[in-house]
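I have placed the structure first, in the form of structure tokens, so that the comments after it can refer back to it.
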Amino acid sequence: MHINDAVFLEDLCPKFRFRQWRKSIHKFTEKSCIYCGKTSESIDHIIPRSQGGLSTTENCVPACLSCNGDKSDENALCWYRRQKFYDPRRAMAIRAWLEGDLRLAIRLLQWANPNFKVKNKNLAKDNSEYTAA
Ligand SMILES: [Zn+2]
């Protein structure tokens with residue numbers, strides 16, 4: 001019984017961490033799809049796993065189910081260029097995100113969507129320092 005419990009906890013912890021990580025991804029954009037700006041309900045791989053894309057923060061963006069499903073396992077930048085809602089600022093944001101510059105990505109998303117508000121205090125603080133520099 002004790003052994004089974006131990007195994008169960010070992011399994012549970014990575015899942016819990018994974019859930020926290022997913023939450024943090026959505027938090028960056030305040031649950032808005034990086035592609036179209038609608039509510040993000042899923043995590044999308046910019047470079048699909050089938051093409052060697054990793055499940056890292058740099059390669060994972062918040063996306064709505066519609067974009068995620070439509071994109072399927074295509075490279076996000078190629079797919080996004082063909083969309084009706086294509087916005088070069090968002091395309092730049094996706095590229096910045098992929099390069100690990102989330103701060104720049106969020107600034108570009110704010111630029112693309114004036115209603116977009118950053119509630120993450122650390123990021124907002126960093127942004128003001130960025131602007132002042
Ligand atoms: Zn979308």
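In each ligand, atom 1 is the first atom listed, and ligand 1 is the first ligand listed.
- Looking at residues two or more places apart in sequence or on another chain, you find a salt bridge (Lys or Arg N to Asp or Glu O under 4.0 Å) between Glu74 and Arg82.
- Less than 6.0 angstrom separates the ring centroid of Tyr80 from the ring centroid of Tyr86.
- For the Zn ion (ligand 1), the set of protein N/O/S atoms nearer than 2.8 Å consists of Cys33 SG, Cys36 SG, Cys64 SG, Cys67 SG, ordered by chain and number.
- For Trp21, the ring-ring contact (aromatic ring centres under 6.0 Å, His included) test picks out Phe18, with sequence neighbours left out.
- Inter-residue side-chain proximity for Ser42 and Cys64 is flagged as unmet; no heavy-atom pair is nearer than 4.5 Å.
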Which pairs would a plain distance check flag for residues 45-53, meaning a side-chain donor or acceptor within less than 3.5 Å of a matching protein atom at least two apart in sequence or in another chain?
unit_1, atom_1, unit_2, atom_2, d
His45, NE2, Ser55, OG, 2.9
Ser50, OG, Asp73, OD2, 3.4
Gln51, NE2, Asp73, O, 3.4

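- Note that CH2 of Trp97 and CZ of Arg103 are 14.0 Å apart. Values are rounded to the nearest 0.5 Å.
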